[in-house]
Amino acid sequence: MSAIFFYNFIFYSTAVIAVVATLLMITRHNAVHALLYLIISSLSMAIIFYLLGAPFAAVLEVIIYAGAVMILFVFVVMMLNLGHRSVEQEAAWLPAKGWIVPSILAAVLLMLLVAGLGEPENLRGVHLVGVKEVGIVLFGPYLLVVELASFLLLAGLVGAYHLARRSTPPTPKYGDAQSHFTPVSDSEADEAATDQRIEEGKA
Amino acid sequence: MDILWLIPTLPLLGFTILVLSSGRMPREKARVVGIGSIALSFMTTLYIATQYYAAASHGLDHGAGFTVSLWPWIVAGDLNLNFSLYLDGLSLSMLFVITGVGTLIHIYASGYMWDDPDYTRFFTYMNLFVAAMLMLVLADNLVLMFLGWEGVGLCSFLLIGFWYKDPENGFAARKAFVVTRAGDTAFAIGLFLLFRELGSLEIQEILHRATDEWEVGANMPTLIAILLLGGAVGKSAQLPLQTWLPDAMAGPTPVSALIHAATMVTAGVYLIARTHPVFLLSPTAMTLVASVGLITLLIAGFTALNQWDIKRVLAYSTMSQIGYMFLALGVEAWDSSIFHLMTHALFKALLFLTAGSIILALHHEQDIRKMGGLRKQLPVPFWCFLIGSACLIALPPTSGFWSKEPILLAAWEVDPVFWAGAVLGAFLTAIYTTRLMILVFFYTPEGGPPETHEPKGWQLHPPLIILAALSLVAGAFHLPAADALPHAHEHHPPLWVEVTGILLPLVGIFIGYQVFLKEKWQGLRLANQQALRDFLAKGWGFDWLYDALLVKPFLTLARLNRNDLVDLVPKGVVVASTQCYYFFSRGQNGQLRFYVATMAAAAIMIISLALFT
Amino acid sequence: MKKKTGLGYQIYLCFDYIYSALVTLWGVFSHTFTKADTVQYPDEQPHLHPRFRGRIVLTKDPSGEERCVACNLCASACPTDCISLQKTEDESGRWLAEYFRINFSRCVYCGLCEEACPTYAIQLTPDFEMAEYERQNMVYEKEHLLIDGPGKQPGYSFYEFSGKAVSGRQKGEGINEAQPVDVKSLLP
Amino acid sequence: MTPVMANILNVVCILVFVVFGAAMLTWVERRILGIWQDRLGPNRVGPGGTLQIVADMIKLLMKEDWVPAFSDKFVFVIAPTIAMFVVVAAFAVIPIAPGIGVVDLNVGLLFFLAMTSLGVYAVMFGAYASDNKYALIGGIRAAAQMVSYEVFMGLSLMGVVMLAGTFDLRQVVLSQQDGWYIFPQFIGAFIFLIAGIAESHRTPFDLPEAEHELTAGFHTEYSGMKFAMFFIGEYVSVLMTSAMITVLFLGGWLGPDFAPPLFWFLLKTIILVFFMILVRGSLPRPRYDQLMSFGWKCMLPLSLVNLVVTGALVLL
Amino acid sequence: MTDAVIIDHAFILAAILFCLGLTGVLVRRNLVFVLISLEVMLNAAGLAFIAAGSAWGQADGQIMFLAVVTLGAAEVAVGLGLTLLLFRRFNSIDIDQLNKLKG
């Protein structure tokens, strides 16, 4: 039982886990179960990253994907509160024949991708790229990527905030500077929201 | 000199502030911005003038200018244009006229336009106009000059159509725009020719090269001079492009005063004066300039005799006075021409503003038949109008006399025919001015003089008084423009020539007095000859002529050409693209999954193409 | 009052919170050195004062007679209505309860019955160990309640003062009791 | 003894120690709280009550293993395992003493943060699967709270990383030979302590399981050993937070030579555990919005300032 | 270091996961599932980057992975915000019904 064998064993078993979990994920009817499998898939991906000599990416995968992004999903699923109804609905939305065309498409694409992978002799072995190297390159030549990422996240933040808020406060008129600072009490805001809903109902 | 750039920038800044306020600025503040930018520009001009004179007195060559290069503007191949300003005596005098008279007219307008709902918009346009005009006169190259040239055209268009809700004003604005465009096209072609022949657009360099490369009387300078003259004629409302100016009176009166009397319409004079070396190379062009001026001044004088709208009378008189300037240019009396430009700017602005006061006092009544006997009711406008009229008639010792007399003398020197026409024009000027004075202020119609009301605001009278004072004494000024232009010849005509030039206007006044106030010699009254009256009232039928010659054939041609075969090609394109649109829009079915599947299929195709070829 | 805002005030508030938290922490920590109040009950009996409100008893007067006169005041005072009784008389004219029943599974040991009792018959004792395996056993009858003694009021006997003729003692023979007025006499 | 055997022994010892230590902590906490509240606490079972945990465990094991009929059973069962798993896994990277410790990961600190961030799943899945409104509210609160506090928990540690120049926790300890990081990184330690308390949702940041409002929050429906796993998980995370503070700010096992390194590590950890119990015993629970605004408006800027200032000082 | 085969197989794994995610996007009608499947696709792309970076021993792969993660996070934030909005407005998150922008 050599180290290489052990290493490969872990790699292939995690790879199988990732594929199986993803497969289960796309076939689940219950959103929370699907998320659970997705988390398992991400965690096994993290292990694969570690095996590929990218510990930083592995930890980031857990912290960001599993620790933050998936939480958002769970959060939204809970807020939507779809319940049992959604499971039945999902079952109705997933007829067997609906799988044929997508599966063929994906299979063809997969075959092409694998075929296009080329000969492996160009590739060298696994290299360890540590946190320090990544940091030096990230804040050196790739500084623009950091800036872009921050802009992207800011845009996402603003967009998500704007989209998910429940009602918009009344827009102040020009020159009516006072209205910026007048706090709108909760009851007023609720009334406004109610009015809006009534109007929507009429429309 | 280093703050020369401030002069056009300040009005532009005012324009920017006003246009960014998008009409929400309170009137008081808009007024401050509108007037303040021009006034600051005027002060800058004064400072620049002191510097200019100081430099001139320190042995600088007379006539040489200062070039202030700001930044490279257009760099394309051989063409290398700087955004640079040029200051010499000519542009300095123009600066005085534009900023000085401009400031006074802005002050006046702040009172005149007070009740208008679009107060801010008015000052926005006015500031933009002043900026463009300053750019025009300060430009160091012809392209920059053309920029200002078109800028003032735009502002003129905007301001004539200021009260755009009345379709008549819109038509007038459009007419002015289109007619001046005809001249501008000629100007632009002239520019291209200059660039092709001389390889430069820097004015000073062009002028030097032109005199170096061309002989007097060669074809090319003649052609270029005539094209430039076309531009000048369009802008300055001379024959044959004069028809837009009377209609331009549809704009607010301060606009008429500033743009259509004092500054913009004299841009043509400035252009010819600026490029005079080119004109000097072509005696034909010079004769043409003089002839155009002469004919225009006569036609406009006759037309002015028979107008009932106070502003149209003044508009025709403006045309006539610019005719004098062209005449002066054509007879090489350059400095007299610019001097007349300046004095005319003063007294014509005065006349227009006074007319504006009268119009305002009569609740926007412009028909002189409904005025009369206003001498007592409107004392300040009366005296101001009197002084302005005296200047216009060129009675000694007003400034009009000192500027017009040299023109007459110079015309005599070149050709007595020019002199005779000019004197006849002066005679006509005296008659129609007297007529206007009498009908507005002296002659009491049946039913007594009309009701007037005191206009609100303190801004109306001080500019009038200042302009009146300036009009009286401006003849004593030494004009810096003289430095920049070749000196006129010393004239020594016979004495009777000079005396005739002084006396004939007096005769005209007497005739006007007899005919219009005493109501004698009614046979001389043009109003009694029906056909002639109509002909004159319609500006010698030029509008009809252009309509028949240009507009109608064009419209007919367009109508005939409406359904020709060529249209099938664009129509076919339209049909084909519509069909394609219907076909492809079926794919845009709003189904996300369909889109993704399409993308995946496309990815498969691209990858297989990459792999298997 | 104007609401205070601004960064300075916020920072002050932060420090104020931290300071108060530290004070609280120290206050609690200082209890490390104080003695625990807990009594290890089954091993170590707690000291209960006589006025402790525990199990209810019915006392007897010094002569060994029941004090309760079945006046029903305790039952009407009881907030949980756990007392029930029925009056009767013996041959000597004494009033007493035919039955007297307290349901201790309802009783809240408030002591209002004790306060209401005019004869010091019903009293609360420091006994609290009343656990039972069956609920029915919590219902105490008179014989369960009665004790042989005067409880917290030794030497008090209601009938000594009551002015009622019982057990051969006629009216006017009680302690501090005047002779009854002879309505037929004209003397004051 | 081969190295493999030594490693396995290490793993087993630490696992046993952690789990039983956490279980003991339930008893310790009750006793300590008793002292501070002038009570005695559990002292009957065994000498001084030390066998209380055995009794508790027997009780919990004997309880009916109840899965509510309306729950999502798969997720319901998995949630407590996650709770237990992530905290125990996080313990793997803590260097207890030279030679003691499961693994020396070169991204140990990040691994710790990763495991902490996974802890929220236990809460959310437990809350979701219970199909109980209190549990759901508690779960959403917990998710929001933990995700928020994770942010500056990570940020507060970056100052230490800058000073030590490594994510390897053993290296972090060794780099504290000249002085504990609590002195230069006082603010970081403070923030990390608060964030750690919030992450293990203990009083005063126990909003997700606030008894007064939400019965027991996300584990309302849990009982028996599943409840015990949540419960023990919480105590393991207390231990873990204390151990992390010890490692990162208090010099880990470093101390005078008269006692073994393990002693120093345990001493510091236990003192910190006691401090966290003291905090639980003294401070009141804030309102939920106060908790969130405290996190985002006070702790986050503070940790960013700490980060920037530390970075500047390190660069200088 | 280790056998080169593993890199190759990591690419194959990435391809498999990508295609699985694609299938998910194509099949599911629930917007939440579509977003989840998208995450899988992004993850697969990240894996490919990491594997390439590992093969060449360069940090660039991990940098690109970081960019992918950022993209995923921003996308999820906005996507889920939209999901909530749609659910509130139409009381449905069926993407087949959300075809008001069709041509």
Side-chain angles (χ1 to χ4, degrees), chain A residues 4 7-8 11 15 18-19 22-23 25-26 31 34-35 38 42 45 48-49 52-54 56-57 60 64 69 72-73 76-77 79-80 90 93-94 98-99 102-103 105-106 109-110 113-114 117 120 123-127 129 133-134 137-138 142 145 149 152-153 155-157 159-160 163-164, chain E residues 1-13 15-17 19-24 26-30 32-33 35-37 39-40 43 47 50-51 53-60 62-63 65-67 69-78 80-85 87 93-94:
Chain A
I4 293 284
Y7 187 89
N8 281 350
F11 177 82
V19 171
T22 312
L23 203 57
M25 182 224 94
I26 58 170
L35 280 171
L38 181 55
S42 325
M45 294 282 264
I48 287 169
F49 289 170
L52 287 174
F56 185 56
L60 274 192
I64 295 175
V69 174
L72 268 185
F73 272 109
V76 168
V77 169
M79 281 171 86
L80 294 177
E90 281 296 320
W93 281 354
L94 287 177
W99 286 89
S103 308
L105 261 180
L109 186 59
L110 177 63
L113 286 175
V114 172
L117 210 52
L123 301 168
R124 301 134 200 207
V126 169
H127 294 82
V129 182
E133 288 91 328
V134 175
V137 178
L138 182 61
Y142 283 100
V145 173
L152 190 61
L153 285 175
L157 175 74
L163 287 172
Chain E
M1 280 171 73
T2 28
D3 212 351
V5 173
I6 198 166
I7 295 279
D8 219 27
H9 289 184
F11 280 120
I12 293 175
L13 176 64
I16 293 172
L17 289 177
C19 292
L20 282 176
L22 180 64
T23 319
L26 289 174
V27 168
R28 307 307 296 236
R29 283 172 69 181
N30 188 326
V32 174
F33 280 96
L35 286 173
I36 292 174
S37 305
E39 283 304 306
V40 172
N43 228 335
L47 174 59
I50 296 265
S54 169
W56 297 99
Q58 296 288 330
D60 308 40
Q62 292 192 46
I63 308 275
F65 171 74
L66 262 176
V69 165
T70 319
L71 181 69
E75 170 242 293
V76 162
V78 176
L80 289 177
L82 278 172
T83 310
L84 277 179
L85 199 67
F87 187 71
I93 43 176
D94 180 3

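Quick note: numbers below take in every heavy atom, side chains included, and nothing from hydrogens, waters or symmetry partners.
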Shortest non-hydrogen pair, E/A77 vs A/G156, comes out as CB-O, 4.2 Å
Highest number of heavy-atom pairs under 4.5 Å with chain A among E/L71, E/L26, E/T83 belongs to E/L26
Bottom line for A/L109: the part with an atom under 4.5 Å from chain E's heavy atoms is both
Heavy-atom nearest pair, E/F33 first then A/A31, reads CZ-CA, 3.5 Å
Note to self: I want to check something: taking the side chain as every heavy atom from C-beta on, are E/V27 and A/I26 in contact at a cut-off of under 4.5 Å?
What the structure shows: no
From the list E/G57, E/S37, E/A51, E/G53, the residue making the most non-hydrogen contacts under 4.5 Å with chain A is E/G57
Of E/L80, E/V76, E/V78, E/L85, the largest count of non-hydrogen pairs under 4.5 angstrom with chain A goes to E/L80
Check your understanding: Side chains of E/L47 and A/L52: does their closest heavy-atom pair fall under 4.5 Å?
Key -> yes
Whatever's closer than 4.5 Å to a heavy atom in chain E on A/L38 counts as side chain
So, the part of E/L66 with a heavy atom under 4.5 Å from chain A: the answer is side chain
Handout entry: A/A106 backbone acceptor or donor facing E/T23 side chain under 3.5 Å
Key = no
Among A/L23, A/V134, A/L153, the residue with the most heavy-atom pairs under 4.5 Å to chain E is A/V134
Most heavy-atom pairs under 4.5 Å with chain E, out of A/A57, A/A160, A/G159, A/G53, belong to A/A57
Notebook entry, point to check: Backbone N or O of A/V129 within a donor-acceptor pair of the E/Q62 side chain at under 3.5 Å?
Noted result: yes
Could you go through E/L20 and A/V19, starting from their C-alpha distance and side-chain angles, then the distance that decides it, and tell me whether this counts as side chain to side chain contact (heavy atoms under 4.5 Å, CB included)? CA-CA 8 Å; E/L20 282 176; A/V19 171; 4.1 Å; yes
Cut-off 4.5 Å, heavy atoms of chain E, and the answer for A/L110 is both
Heaviest contributor of heavy-atom pairs below 4.5 Å to chain E, chosen from A/W99, A/F56, A/F49, is A/F49
In sequence, state the C-alpha distance, the side-chain angles, and the governing distance for E/L13 and A/I48, and then conclude on side chain to side chain contact (heavy atoms under 4.5 Å, CB included).
CA-CA 10 Å; E/L13 176 64; A/I48 287 169; 3.2 Å; yes
Output for pair (A/L35 CG, E/E39 CD), nearest 0.5 Å, gives 10.0 Å
Honestly, the part of E/L22 sitting under 4.5 Å from a heavy atom of chain A is side chain
Are A/L163 and E/L84 packed together at the side-chain level, in the sense that at least one heavy-atom pair is separated by less than 4.5 angstrom? no
Residues A/M25 and E/R28: closest non-hydrogen pair is O-NH1, 4.1 Å
Rounding to 0.5 Å, atoms CG (E/D60) and OH (A/Y142) come to a distance of 3.5 Å
Okay, A/L72 and chain E: the region with an atom under 4.5 Å from a heavy atom over there is both
Bottom line for A/V145: the part with an atom under 4.5 Å from chain E's heavy atoms is side chain
